[in-house]
Protein chains: 2
Amino acid sequence: MTELKKFLDLIYPIHENTWGILKVLFKDERLKKGDFFIHEGEIATRFAFLQDGVVRAFYTNGEGKDYTKHFFTAGSIIGGYSSLITGKPSLFSQQALTNCKVLSINYNQLLSLYDAYPDLERLARKFAENYFVSNEAKEAKIVLNNADVRYLEFRNIYPGLEQIIPQYHIASYLGVSPTQLSRIRKKMT
Amino acid sequence: MTELKKFLDLIYPIHENTWGILKVLFKDERLKKGDFFIHEGEIATRFAFLQDGVVRAFYTNGEGKDYTKHFFTAGSIIGGYSSLITGKPSLFSQQALTNCKVLSINYNQLLSLYDAYPDLERLARKFAENYFVSNEAKEAKIVLNNADVRYLEFRNIYPGLEQIIPQYHIASYLGVSPTQLSRIRKKMT
DNA sequence: AACATCCCTATACATATGTATAGGAATAAT
DNA sequence: ATTATTCCTATACATATGTATAGGGATGTT
């Protein structure tokens, strides 16, 4: 719980009593390796703070093929944010790549607090803004860098992750085939 | 101004008196074809409602090459949103492809109203959320569809735009070379 | 210990797409 | 009207990357 508080304080420090109201809404939850936090096509009702473990977000392309949108590690927020906002089915899934510990919260319960706690709504605004900014920065990197560069960046952003997860997930994160990632790795030796 | 009000009401209808305070902050501005609304590397200080014309947002790749991130048509918000939020240099430029009419507003002036007008902050939250959602939906399409499909979608999303702007901009929007777009178009005849 | 499973690598081949270049249609300029 | 620009298309070629397949570590299972 302290980790979550620290995380939120970095975005916008809400009042102590607001935090008192908010924190009781979070529930401990466990995900086993392979479990889905949200399924593509499902309408999200909650999101969560990832305390421990690794989660992969991915789009699926109809037949087997998937595209890894993001890896989440400890200290991240997971959940179908767009689906929560719109109330429409999520475009992607989120699946635990390892056993995970999360603190999850019902989105409607959170929403119902905004009227009475403007500092919470400010936090929500800043969260949305920050989330937007990081997504856009990521977009820029995808567009401007080739797979070689993005692979090196992946290793910087997620130190140690390469040793934990299968390589074909990394390939799909980079937008290339496993064969191609293998070639890139070979080239870099 | 009425168009802007309608646009905002669709996101979140603020009180009439809040609107009275807000609207005086908007200033009429003209862009001539080729003018930049924001330059890559510049720190944004304002954003705008595009009343008329077409604006292209694009990343540049060091040497000449650019990647078209988005086309804005009448009724859109333009500006370096991430740069406004972070206070850091913009990662992309926005350039008028035609003569444009915009209503621009200073971001700090807007920010200073949030404390006194919670409905305005709610509007800001919802705007950020919506913007996030549409960016994510676009990401999904880029990842899941090939250039052929995205070309057809481009024509649906921006009816008539194809006739107004050079084809190499569309190609760069689709992430392919002009030659390749020409091949795609030929194939579809 | 033997076997099965998972998954990374390597090879060969096919193909999509980029680059370079030229031609020509359309538009703008003098 | 003539010329100059702009820009779309077509061609030929090079190359990066995907697909298909097989082999072999590594790890886990019985």
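Here the structure is a predicted model, which means the values were calculated and not measured. Order of the sequence lines sets the chain letters (A, B, ...), proteins ahead of strands, with each chain counted from 1.
The separation between A:K33 atom NZ and C:dC6 atom P is 11 Å, rounded to whole Å. Between the NZ atom of A:K186 and the C1' atom of C:dC8 there is a distance of 13 Å, rounded to whole Å. The CD1 atom of B:I164 sits 15 Å away from the P atom of D:dC7 (whole-angstrom rounding). We find that CD of B:E162 is positioned 15 Å from P of D:dC7, with the value rounded to whole Å. The separation between A:Q167 atom CD and C:dA10 atom C1' is 14 Å, rounded to whole Å. Counting to the nearest Å, the P atom of C:dC7 and the CD1 atom of A:I165 are 12 Å from each other.
Between A:K69 and B:E136, at least one side-chain N (NZ, or NE/NH1/NH2) sits under 4.0 Å from a carboxylate O, which counts as a salt bridge. Ion pairing of B:K23 with B:E16 is absent here, as no side-chain N (NZ or NE/NH1/NH2) approaches a carboxylate O to less than 4.0 Å. Using a cut-off of 4.0 Å between Lys/Arg side-chain N and Asp/Glu carboxylate O, A:E129 and B:R125 are scored as not salt-bridged. In summary, A:D148 and A:K187 engage in a salt bridge, as defined by a charged side-chain N under 4.0 Å from a carboxylate O. Taking the charged nitrogens against the carboxylate oxygens, A:D52 and A:R30 have no contact shorter than 4.0 Å, which rules out a salt bridge.
Between B:H39 and B:F36, the ring-plane angle classifies as parallel under the 30° and 60° cut-offs.
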Where do B:E153 and B:Y158 land on the side-chain hydrogen bond (donor to acceptor under 3.5 Å, both in side chains) test, with the steps shown first?
CA-CA 8 Å; B:E153 260 191 22; B:Y158 301 108; over 6 Å; no
Distances under 3.5 Å between protein N/O atoms and the N/O atoms of nucleotides 22-28 of chain C, please, pair by pair.
none

Provide a list of protein-nucleic acid N or O atom pairs under 3.5 angstrom, restricted to nucleotides 14-18 of chain C.
unit_1, atom_1, unit_2, atom_2, d
C:dT17, OP2, B:Q180, NE2, 2.9
C:dG18, OP1, B:S177, N, 3.4
C:dG18, OP2, B:S177, N, 3.2
C:dG18, OP2, B:S177, OG, 2.8
C:dG18, N7, B:R183, NH2, 2.9

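In terms of phosphate contacts, B:Y168 brings no side-chain nitrogen or oxygen within less than 4.0 Å of OP1 or OP2 of D:dC8.
Residues A:F47 and A:F127 keep their aromatic ring centres 6.0 Å or farther apart. With ring centers used as reference points, A:Y173 lies under 6.0 Å from A:F71. Aromatic ring centres of A:F92 and A:F58: separated by at least 6.0 Å.
End-to-end axis angle of the helix from C:dA1-D:dT30 to C:dT30-D:dA1, using five pairs per end and rounding to 10°, comes to 30°.
When each of B:D9, B:L4, B:V24 is paired with B:W19, the side chain to side chain contact (heavy atoms under 4.5 Å, CB included) condition holds for B:L4 and for no other.
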